[in-house]
There are 2 protein chains.
Amino acid sequence: MQKTDSLQKRAFPPREIDATDRKILGELARDASVSFARLGEAVGLSAPAVHERVKRLKAQGVIRGTVAHLDGARLGKPLLAFVHVTTKGWGKTRALMSLADLPEVEEIHSATGDTCLIIKVRVASSLALEGLLSRIYDLPEVRATQTYVALSTHLERSPQAEVTQALEEAETLR
Amino acid sequence: MQKTDSLQKRAFPPREIDATDRKILGELARDASVSFARLGEAVGLSAPAVHERVKRLKAQGVIRGTVAHLDGARLGKPLLAFVHVTTKGWGKTRALMSLADLPEVEEIHSATGDTCLIIKVRVASSLALEGLLSRIYDLPEVRATQTYVALSTHLERSPQAEVTQALEEAETLR
DNA sequence: CTTTTTGCCCGAAGCCTGTTCGGAGAATAG
DNA sequence: CTATTCTCCGAACAGGCTTCGGGCAAAAAG
């Protein structure tokens, strides 16, 4: 019998993510409303086995949660734009991060290139976009912004489970 | 009794999205794994009433689906980047749209500004990013690209249900 | 090689939840 | 006032989630 006095056993040891896990993740990334039984058919396992894997993947943080994907246009926010912000000094200030309180702001990244911050926003109208840009400009550390308005969206999805190995293979000479 | 001979009755007439709907959508956009009973408590309705509203919102297309939100880094794709593509002529060609077949490509938008296309990609390494850019450059209609690498992501979420009315209100003089 | 341990899987069963149904109540139109 | 429509609720059924115990194979230990 194993003693576990001083060394606490982890509930989920950091196991490798295998091919079956990726299949499950691929299905869930496309449609998380599928039943465990049907998921099991797709990957060749029983429902309890799939359930255990999904529980582990959630505990490991690979699955960050399940969310409803809403249609921005039907919600009254048909205008999508990317705002590139150039800041004085380092961009990550409390004031800039407070933009996350607005439901119009969907993403905030620190980035390389000319700009320091890339912000993805979805607003009701060009007037609302102007109002949002006005709020950004009011922040003292903002030096300039450049806005790219999405005229049409051809693809928009959450992170996918698969990885294309061919991208990393040695590039042949051109 | 109403005759329905020539005019087929819609299963879900295009009803207005009211405040209760938005509350439900807000909850589901944050966590779609909540039960209808708990959702009903949050908005002051019974489980069947919430169920009917959600069914209608799905039929209307406001809820496009429920998906698992995966962690790109833990899946082996820690590098997020936005690629701006300048194309010859109009950007939306079949070759460019075929980039959607790659699981690394998460978004494709036609955009205003200097660029014609904004592509959001998540890759395993800088080498993989180079390989992906190489594929983009191989397309005949691509004139130039500019890549912004996300150093850190401070916010990344799906479209939110709320709309900030204050953004559209008249801007006072500065 | 034998034994033990570990990890992963499955079938069965209980319980929680999704889903449907019929009816009540309010608001609106006729 | 009456009829219609719409939305809601309580109850009940059915189905899926979740747990449990046990079996099997591979790896590790002896």
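Within every chain, numbering begins at 1; the chains are lettered A, B, ... in the order of the sequence lines, protein sequences first and strands thereafter. Because the structure is predicted, anything quoted here is derived from the model rather than measured.
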Worksheet item: Hey, are A:E141 and A:K88 close enough for a salt bridge, meaning a charged N less than 4.0 Å from a carboxylate O?
Response: no
Worksheet item: Roughly how many Å is it from CZ in A:R56 to P in D:dT18, rounded to a whole number?
Response: 16 Å
Fill in: Check ion pair B:R135-B:E104 (N to O, under 4.0 angstrom)
no
Practice prompt. Would you mind listing every side chain to side chain donor-acceptor pair (under 3.5 Å) that reaches into residues 23-32 of chain A, with sequence neighbours excluded?
Written response: A:E27-A:R30, A:D31-A:S33
Practice prompt. Classify the ring geometry between B:H84 and A:H84 as parallel (under 30°), tilted (30 to 60°) or perpendicular (over 60°).
Written response: tilted
Practice prompt. Report, as a single string ordered 5' to 3', how protein heavy atoms within less than 4.0 Å touch nucleotides 9-19 of chain C: B base, S sugar-phosphate only, - not at all.
Written response: SBBB-----SS
Practice prompt. Apply salt bridge (charged side-chain N to carboxylate O under 4.0 Å, His left out) to A:R122 and A:E106, showing your working.
Written response: CA-CA 7 Å; A:R122 197 183 301 271; A:E106 292 180 8; 2.7 Å; yes
Worksheet item: Roughly how many Å is it from CG in B:L39 to P in D:dC8, rounded to a whole number?
Response: 13 Å
